[in-house]
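Inspection log for the structure reproduced underneath, given as structure tokens.
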Amino acid sequence: MFSRLVFGLGLLSATALVHPALAADAARTLQIFVSKDKQSLAVYDGTEVVATSKVSTGKDGHTTPSGIFSVLEKQKYHESNIYSAAPMPFMQRLTWSGIALHESNSVPRYPTSHGCVRMPGAFAKMLYGMTDPGVPVIISDGELVPQPIDHPTLFHPEAPAAMPLLSDVELRPSMPDSPEKPVQVAMNDTAAMPMPAAQPIAAPEPEPPSEPISMLITRRTLRETVIDIQALLNQLGFSAGNPDGLLGPSTVQAIKAFKTLRPAEFAADKSLVSDTLLREVYAAVGKGEPPNGVIMVRQAFKPIFEAPVTITHPGLALGTHFFTLHAVDERAGTADWLGITLENNLSRETMKRLGITNQESSIITGKPIARSLSRITIPDETRRKIDALIAPGSTLTISDTGLDRETGEGTDFITITRG
């Protein structure tokens with residue numbers, strides 16, 4: 001999201017660094033990175049560090065979670081709802097369950113908080129003035145640095161179509177057929193006509209910047225599968241109800257009615273919702289092989305839409321990757337994306353549930369971001385829709401684990417990589 005930086009250029013504290021190129025009232029897209037290993041915080045504008053500070057994260061038993069967050073709420077003075085109304089000045093909330101950035105008088109540069117990220121007073125005040133809700137905050141064990149990423153799977157604005165040249169138009173010659181004949185030119189008699197007064201040309205109104213969007217690409221869960229089945233059964237006339245991902249009475253009845261017409265296909269399938277059901281419903285509407293992934297889109301913390309995508313080699317982990325759109329050139333149809341890869345920690349239970357048989361090969365070897373992006377196929381219609389929505393500050397998360405429990409009403413997509 002756009003952020004407005006309004007602060008002086010002097011040294012604000014012994015731990016703060018402010019880049020001299022950032023003039024007052026300059027609009028930037030920012031990212032905040034917190035390293036738990038180094039107990040440090042860095043603010044990036046693109047690939048440039050514009051401010052740094054020491055921090056104190058959560059101690060043993062109250063560990064600060066690692067993952068991808070964003071600023072959800074800001075309050076200059078806040079009292080903890082959990083820990084005896086402890087003061088939390090210049091609070092910037094990251095989760096509704098109680099994780100935040102805030103000022104503290106105790107920032108010894110080692111883990112000592114109850115889960116929040118503590119900052120020195122002067123820096124906390126400065127950072128509060130730099131950010132808007134929606135600014136990404138990435139918390140990791142090791143230090144991460146955003147890098148430029150160029151890949152065809154990433155979104156970009158559609159370049160305006162070039163004006164066609166009139167190459168097929170037959171032009172009349174400007175020379176007369178005979179040099180002796182005078183050329184007659186029709187003209188208006190302007191001598192008797194009053195000249196109109198010169199009118200000032202009004203400058204075009206600048207278009208307001210679009211609100212950034214946040215996106216999540218992940219594997220489909222039962223919820224997305226049921227939504228698909230509901231929508232397609234409705235198309236087939238089975239009255240499956242509103243596509244909401246819930247197995248209500250209407251949906252259950254529609255599924256049973258569909259299966260009754262195809263006893264051979266479902267003779268050995270005793271479960272209500274299965275891969276067989278999804279394939280048969282897709283075949284019935286002529287849609288081919290069903291997708292195994294989904295892209296979800298939010299704007300201003302509210303869901304806009306979601307659409308299916310296809311992930312090749314589903315037995316390999318995708319990993320956890322985060323991208324931010326730093327700049328857009330509408331005329332050239334280009335977009336400057338920055339990306340990072342976070343440590344991927346999947347339990348055996350999670351891998352089994354997701355059908356992942358190999359976590360390391362796609363994460364450790366080669367180029368993990370490029371490998372993961374190359375495995376994702378997004379339908380052209382969905383791509384065009386998103387290309388028209390992106391703006392500087394838009395974000396994209398790729399994750400195997402889907403919607404985290406912290407993602408909900410009034411949040412962007414929150415991804416916890418270590419609790």
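We count residues from 1, following the sequence as given.
- Pro148 is listed as a side-chain neighbour of Leu338, based on a closest heavy-atom distance under 4.5 Å.
- Under the salt bridge (charged side-chain N to carboxylate O under 4.0 Å, His left out) test applied with Asp228, the options Arg220, Lys287, Arg223 reduce to a single match, Arg220.
- A heavy-atom distance below 4.5 Å is found between the side chains of Leu72 and Ser70.
- A distance-only check finds no donor-acceptor pair linking the side chain of Glu224 to the backbone of Gly293 [under 3.5 Å].
- Summarising the geometry of Ile139 relative to Phe69, their closest heavy-atom pair is CD1-CE1, 3.9 Å, with the distance given to 0.1 Å.
- Contact check for Leu144 versus Phe322: no side-chain heavy atoms found under the 4.5 Å cut-off.
- Between the His114 side chain and the His62 main chain, no donor and acceptor come within less than 3.5 Å of each other.
- For the residue pair Thr47 / Gln147, no side-chain donor-acceptor distance below 3.5 Å is found, with atom types taken as modelled.
- In this structure a side-chain-to-backbone donor-acceptor pair under 3.5 Å is present from Ser113 to Thr57.
- With values rounded to the nearest 0.5 angstrom, His313 atom NE2 is found 14.5 Å from Ile356 atom CD1.
- Judged purely by atom type and a 3.5 angstrom limit, Thr411 has no side-chain atom pairing as donor or acceptor with the backbone of Thr407.
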Pair Val145, Ile340 - check side-chain contact (heavy atoms from CB on, under 4.5 Å), show working. CA-CA 7 Å; Val145 177; Ile340 57 167; over 6 Å; no

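- Across every non-hydrogen atom of Val328 and Pro392, the tightest pair is CG2-CD, 4.0 Å.
- Remark: Lys385 NZ is loosely packed, at most 12 non-hydrogen atoms of other residues, nucleotides or ligands lying under 6.0 Å away.
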Do Leu277 and Glu280 pass the side-chain contact (heavy atoms from CB on, under 4.5 Å) test, and can you show the C-alpha distance, the side-chain angles, and the key distance before you say yes or no? CA-CA 5 Å; Leu277 173 63; Glu280 289 297 324; 5.6 Å; no

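- Using a distance-only test at 3.5 Å, with no hydrogens or angles considered, a donor-acceptor pair links the side chain of Arg219 to the main chain of Pro314.
- Considering all non-hydrogen atoms of both residues, Phe305 and Ile386 come closest at CZ-CG1, 3.7 Å.
- Counting heavy atoms from C-beta on, the side chains of Asp404 and Thr415 never come closer than 4.5 Å.
- When each of Thr320, Thr218, Ile376, Thr341 is tested with Ile398 by the rule side-chain contact (heavy atoms from CB on, under 4.5 Å), just one qualifies, namely Ile376.
- Note that CD of Gln92 and OG1 of Thr131 are 3.5 Å apart. Values are rounded to the nearest 0.5 Å.
- In this structure, Arg353 CZ and Asp400 CG are separated by 10.0 Å, a value rounded to the nearest 0.5 Å.
- Lys76 forms no cation-pi arrangement with Tyr128, by the criterion of a distance under 6.0 Å to the ring centre and an angle within 45° of the ring axis.
- Taking a 6.0 Å sphere around CG of Asp150, one finds it holds 12 or fewer heavy atoms contributed by other residues, nucleotides or ligands.
- From Thr395, atom OG1 reaches atom CE of Met215 across 6.5 Å, with rounding to the nearest 0.5 Å.
- With 3.5 Å as the limit, one finds a donor-acceptor pair spanning the side chains of Lys36 and Ser66.
- Minimum heavy-atom separation, His321 to Ile369: ND1-CG1, 3.6 Å.
- No hydrogens or angles considered: nothing links the side chains of Thr334 and Asp336 as a donor-acceptor pair under 3.5 Å.
- Glu343 and Thr417 share no donor-acceptor pair across their side chains, judged by distance under 3.5 Å alone.
- Taking NZ from Lys302 and CD from Glu211, the interatomic distance works out to 10.5 Å, rounded to the nearest 0.5 Å.
- Within a 6.0 Å radius of NZ in Lys125, other residues, nucleotides and ligands contribute 12 heavy atoms or fewer.
- Of the options Leu216, Val297, Val294, a side-chain contact (heavy atoms from CB on, under 4.5 Å) to Glu306 is made by Val294 and by none of the others.
- Using a distance-only test at 3.5 Å, with no hydrogens or angles considered, a donor-acceptor pair links the side chain of Ser347 to the main chain of Thr350.
- Between the side chain of Trp96 and the backbone N or O of Gly408, no donor-acceptor pair lies under 3.5 Å.
- Taking 4.5 Å as the limit, every side-chain heavy atom of Arg298 sits out of range of all side-chain heavy atoms of Met296.
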Can you list the steps and then say if Val107 with Phe123 is a side-chain contact (heavy atoms from CB on, under 4.5 Å)? CA-CA 11 Å; Val107 188; Phe123 184 85; over 6 Å; no

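- Between Asp387 and Ile390, the shortest heavy-atom distance links the atoms O-CG1, 3.5 Å.
- Within the 3.5 Å criterion, the main-chain N or O of Lys54 finds no donor-acceptor partner in the side chain of Ser40.
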Steps toward side-chain contact (heavy atoms from CB on, under 4.5 Å) verdict (Thr382, Val309): CA-CA 9 Å; Thr382 302; Val309 301; 5.7 Å; no

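- With rounding to the nearest 0.5 Å, the separation of CG in Asp60 from OG1 in Thr112 is 11.0 Å.
- Side-chain atoms of Gln230 come within 3.5 Å of backbone N or O of Leu246 as a donor-acceptor pair.
- In Glu158, the CD atom is not crowded: 12 or fewer heavy atoms of neighbouring residues, nucleotides or ligands sit closer than 6.0 Å.
- Side-chain contact check for Ser250 and Gln253: no donor-acceptor pair (N or O, by modelled atom type) lies under 3.5 Å.
- Under the 4.5 Å side-chain criterion, counting only non-hydrogen atoms from C-beta, Pro290 is in contact with Arg279.
- Annotation: side chain of Ser53 is in contact with side chain of Pro120 (closest heavy-atom distance under 4.5 Å).
- With a 4.5 Å cut-off on side-chain heavy atoms, Leu403 and Phe413 count as touching.
- In this structure, Asn105 places its CG atom where only 12 or fewer heavy-atom neighbours from other residues, nucleotides or ligands lie under 6.0 Å away.
- Residue Gly115 comes nearest to Thr64 through the heavy atom pair O-OG1, 2.7 Å, listed as atom of the first residue, atom of the second, then distance.
- Under the 3.5 Å distance criterion, the side-chain polar atoms of Arg418 are left unmatched by any main-chain donor or acceptor of Ser140.
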